[in-house]
Amino acid sequence: MKIKVGVLGATGMVGQRFIQFLAEHPMFELTTLAASERSAGKKYSEATNWYLDVEMPEKVRDLIVTTTDPKNKEFEDVDIVFSALPSDLAKKLEPEFAKEGKLVFSNASAYRMEEDVPLVIPEVNADHLELIEIQRKKRGWDGAIITNPNCSTICAVITLKPIMDKFGLESVFIATLQAVSGAGYNGVPSMAILDNLIPYIKNEEEKMQTESLKLLGTLKDGKVEFANFKLSASCNRVPVIDGHTECIFVKTKEEAEPEEIKEAMDKFDPLKDLNLPTYAKPIVIKEESDRPQPRLDRNIGNGMSIVVGRIRKDPIFTVKYVALEHNTIRGAAGASILNAEYFVKKYL
Ligand code: 11C
């Protein structure tokens with residue numbers, strides 16, 4: 001039997017991506033869509049301004065949107081909620097759902113760095129899910145909050161993991177070129193940045209610098225020991241609709257040739273035998289010297305693969321390369337759904 005699921009923040013950009021992937025899902029039945037008071041009581045098709053490049057699934061058009069109150073009858077049979085709430089609302093509401101026994105798979109940043117909250121990319125640190133038991137005991141919840149990282153963090157960390165495992169990491173520098181959809185619902189109209197670049201994204205560099213070290217850290221005695229290498233990020237908004245590009249410079253502990261790095265990335269496919277519906281090969285390598293490009297490559301693996309190109313020697317670091325991620329799929333809704341699929345397969 002399918003597990004009943006709901007989406008919090010269903011009318012926003014990431015909420016819509018959740019719906020795209022959950023409307024027809026082999027493990028989950030999407031029954032409940034929640035948003036603000038303004039949308040509640042309306043049919044979903046009337047409550048939302050559908051922004052995506054795919055059609056609104058027929059199944060959700062007539063669903064009546066409810067409010068984000070876990071006591072609403074629409075949440076009665078729901079076991080999992082996916083949260084696309086803005087961070088301030090997530091801070092307040094996600095614990096209310098966890099208290100009511102729901103598993104909250106959250107894309108919000110509110111709880112990512114709390115000691116007892118798993119911050120997970122299943123290909124990288126699935127074992128951190130064990131923190132849930134500590135969280136439940138400490139907070140007295142029947143449910144739990146499980147988070148996925150910021151989109152630009154996911155892109156970098158997936159490519160860094162196979163390098164770290166094989167050669168060790170000493171220092172990493174990342175310059176990002178981030179799509180306007182990362183800025184949320186108002187991002188697309190903000191193509192007013194055409195012919196421009198904004199060299200600042202609030203809190204983004206800090207998130208990349210802290211979340212990456214938690215993700216690549218080791219779980220020991222119920223705590224995450226953060227990874228011990230230096231990471232510096234410089235984040236920029238560019239006039240691309242979907243698809244974050246990152247120029248990544250890596251100094252490894254042991255010597256490594258670009259071909260060896262490429263091989264390690266290409267072989268990295270840790271969950272392939274689990275048959276998770278949203279899983280795709282985590283890293284796809286492009287050989288052409290002008291790839292990856294957002295328009296050509298962001299939908300590879302249904303938007304779930306990180307596309308890497310231009311792996312080459314660097315005169316200061318060991319290697320440098322370019323990575324591309326569909327930021328609202330692999331970097332947000334898809335990441336959260338993959339966490340839930342993994343959790344259900346492993347623990348339920
Ligand atoms: C951006 N990375 O592109 C941000 C959006 O912490 O999940 C995602 C923010 C987050 O502006």
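Counting starts at 1 for both ligands and their atoms, in listed order. Values in this document were obtained by computation on a predicted structure and should not be read as measured data. Below, all heavy atoms of this structure are taken into account, side chains as well, without hydrogens, waters or symmetry copies.
The existence of a salt bridge linking Glu325 and Arg330 is excluded, since no basic side-chain nitrogen approaches an acidic carboxylate oxygen closer than 4.0 Å. Salt bridge status for Lys102 with Glu94: absent, with no side-chain N to carboxylate O gap under 4.0 Å. A salt bridge does not link Lys137 with Asp142: every distance from a Lys NZ or Arg NE/NH1/NH2 to an Asp or Glu carboxylate oxygen is 4.0 Å or more.
Against a heavy-atom cut-off of under 4.0 Å, Gln178 is close to the following atoms of ligand 1: 1 (C), 2 (N), 3 (O). Contact atoms of ligand 1 toward His244: 3 (O) (distance under 4.0 Å to a heavy atom of the residue). Near Ile201, meaning under 4.0 Å from any of its heavy atoms, are these atoms of ligand 1: 11 (O). Proximity to Cys151 (heavy-atom distance under 4.0 Å) selects the following atoms of ligand 1: 2 (N), 3 (O), 4 (C), 5 (C), 8 (C).
At least one N/O-N/O distance between Gly182 and ligand 1 falls below 3.5 Å. Not one N or O of Ser109 is nearer than 3.5 Å to an N or O of ligand 1, by distance alone.
Scanning the protein for heavy atoms near atom 8 (C) of ligand 1, the closest one is Asn150 OD1, 3.3 Å. From the protein, the heavy atom lying nearest to atom 6 (O) of ligand 1 is Lys207 NZ, 2.6 Å.
Under the 6.0 Å distance and 45° angle rule, Lys91 counts as a cation-pi partner of Tyr111.
Using a 3.5 Å distance cut-off with no hydrogens or angles, the side chains of Asp242 and Ser181 do pair a donor with an acceptor.
Looking only at distances, no side-chain donor or acceptor of Thr66 sits under 3.5 Å from a matching main-chain atom of Ala34. Listed for the Arg112 side chain is no donor-acceptor partner under 3.5 Å among the backbone atoms of Glu211.
Here Arg112 has side-chain heavy atoms under 4.0 Å from ligand 1, and that is the only part of it that gets that close.
For atom 11 (O) of ligand 1, the choice among Lys202, Glu204, Met208, Arg237 with the nearest heavy atom turns out to be Arg237.
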